[in-house]
2 protein chains.
Amino acid sequence: MVKRTSHHEADCLIARPLDAIGDWWSLLIVRDAFDGLRRFGEFQKSLGVAKNILSARLRNLVAHGILETVPAPDGSAHHEYVLTQKGRGLFYVLVALRQWGETYFSGPGEPYTFMVDTLTGRPIKRLEVHAEDGRQLAPGETRLADFRNRETE
Amino acid sequence: MVKRTSHHEADCLIARPLDAIGDWWSLLIVRDAFDGLRRFGEFQKSLGVAKNILSARLRNLVAHGILETVPAPDGSAHHEYVLTQKGRGLFYVLVALRQWGETYFSGPGEPYTFMVDTLTGRPIKRLEVHAEDGRQLAPGETRLADFRNRETE
DNA sequence: CCACAAAGGTTTCAAATTGAAACCGCTTGC
DNA sequence: GCAAGCGGTTTCAATTTGAAACCTTTGTGG
């Protein structure tokens, strides 16, 4: 066995992100970071993950620029982990995953949480994919296209 | 070591989906399925994954109701793997992941693909999160709220 | 009809990863 | 001054991964 496969060099821009967050724990750490968790111990308690694993995941997330370490505000020698802008960009992935989970993974009648608009307390709308002109697009109405350079954007 | 951790019973509706698709390959299989791939051999060639691993992942995806097997249309004894409705629900996850990848993982000047509107060939809009009343919401403007029963929906 | 090839897996086995628990160093709190 | 807590690292066995070999069921050429 050579090495655990990495998608780092894949052409596909779905594959490459999985290199950074495509394991069982990383996305949950990011979710907790969105919930305001910052300390090693907080993540460990929330996730119940072994400390060596958490340590490796945090290091990987920092290496990928998803989290960054900042000095602890209480003046202690320790530091805290906070989301970078890149890390906050995962918000839409989390929302999409959560909406899918709400639809297909919630047992009937079980205690249940929604994402809600903080201002009104009402559930947010489902994600939709829209064309440039505003038309809503179904999965079959999109495809991938190649552009040689970014200037076509 | 007891067993590889499963999020199957987690309360969190982000964690539970990861049980179904939270490994290095499953989401790429789903991506290929959206691209129209259906046969074992097609997935294997596209992903370059070992056959035993692909076999296990396809079985898992079928067990989770994300793919289903259908008889091959050419009358051969083999079957094909196609997305279920639940599987097609992952479209938004893939779009979110891809847009994140486009933003943060594409090297400068490298050949590049976009998701485009099939009708016009123009890139699709970025995902946005909206409140019930249509206001666009930033990451910090949402939270999770508990509802005892689904009837509050 | 028989040999041979291809598709679609399964089996085998070594190497890598995971996880639980023990350990370690540094600050506090008492 | 000493125990406790935080934030990890180390150790080591169980599990998972991946490459390659193998098997089984059709399809095909001679």
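By convention in this document, chain letters (A, B, ...) are assigned in the order of the sequence lines, proteins followed by strands, and residues within each chain are numbered from 1.
- Distance, L54(B) CG to dT17(D) P: 13 Å, rounded to whole Å.
- In the set dT10(C), dG19(C), dC6(D), the nucleotide with an atom closest to the side chain of W25(A) is dG19(C).
- The distance from atom CD of Q44(B) to atom C1' of dA6(C) is 13 Å, rounded to the nearest whole Å.
- The CG atom of L47(A) sits 14 Å away from the C1' atom of dG19(C) (whole-angstrom rounding).
- The two atoms that bring R135(A) and D133(A) nearest to each other are NH1-OD2, 2.9 Å, heavy atoms only.
- The phosphate of dT18(C) has neither OP1 nor OP2 within less than 4.0 Å of any side-chain N or O from W24(A).
- OP1 or OP2 of dG8(D) has not a single side-chain nitrogen or oxygen of R59(A) nearer than 4.0 Å.
- A close approach under 4.0 Å does not occur between any side-chain nitrogen or oxygen of S55(A) and OP1 or OP2 of dG8(D).
- Side-chain nitrogen and oxygen atoms of R39(B) include none within less than 4.0 Å of the OP1 or OP2 phosphate oxygen of dA7(C).
- When the P atom of dG8(C) is taken as reference, atom CG of L37(B) falls 12 Å away, rounded to whole Å.
- With rounding to whole Å, F40(A) atom CZ is found 18 Å from dT27(C) atom P.
- Rounded to whole Å, the distance from CZ on F43(A) to P on dG7(D) is 11 Å.
- I53(B) places its CD1 atom 13 Å from the C1' atom of dA15(C), with the value rounded to the nearest Å.
- Residue H79(B) places at least one side-chain N or O under 4.0 Å from the OP1 or OP2 atom of dG9(C).
- When heavy atoms are screened at a 4.0 angstrom cut-off, Y81(B) is found touching the sugar-phosphate backbone but no base atom.
- At distances below 3.5 Å, at least one donor-acceptor pair connects side-chain atoms of D117(A) with backbone N or O atoms of L119(A).
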Please lay out, stage by stage, how L54(B) and W25(B) fare under the test side-chain contact (heavy atoms from CB on, under 4.5 Å). CA-CA 8 Å; L54(B) 177 59; W25(B) 293 113; over 6 Å; no
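- Separating the NZ atom of K51(B) from the P atom of dA6(C) is a distance of 12 Å, rounded to the nearest angstrom.
- Where R57(A) and H78(A) meet DNA chain C, the nucleotide closest to each residue was compared, and R57(A) sits on the side nearer the 5' end.
- Of all heavy-atom pairs between K86(B) and G65(B), the closest is CB-O, 3.5 Å.
- Taking the six-membered ring for Trp and thresholds of 30 and 60 degrees, H79(B) and Y81(B) have ring planes more than 60 degrees apart, a perpendicular arrangement.
- Listed nucleotides: dG18(D), dG8(C), dT10(D). Nearest to the side chain of N52(A): dT10(D).
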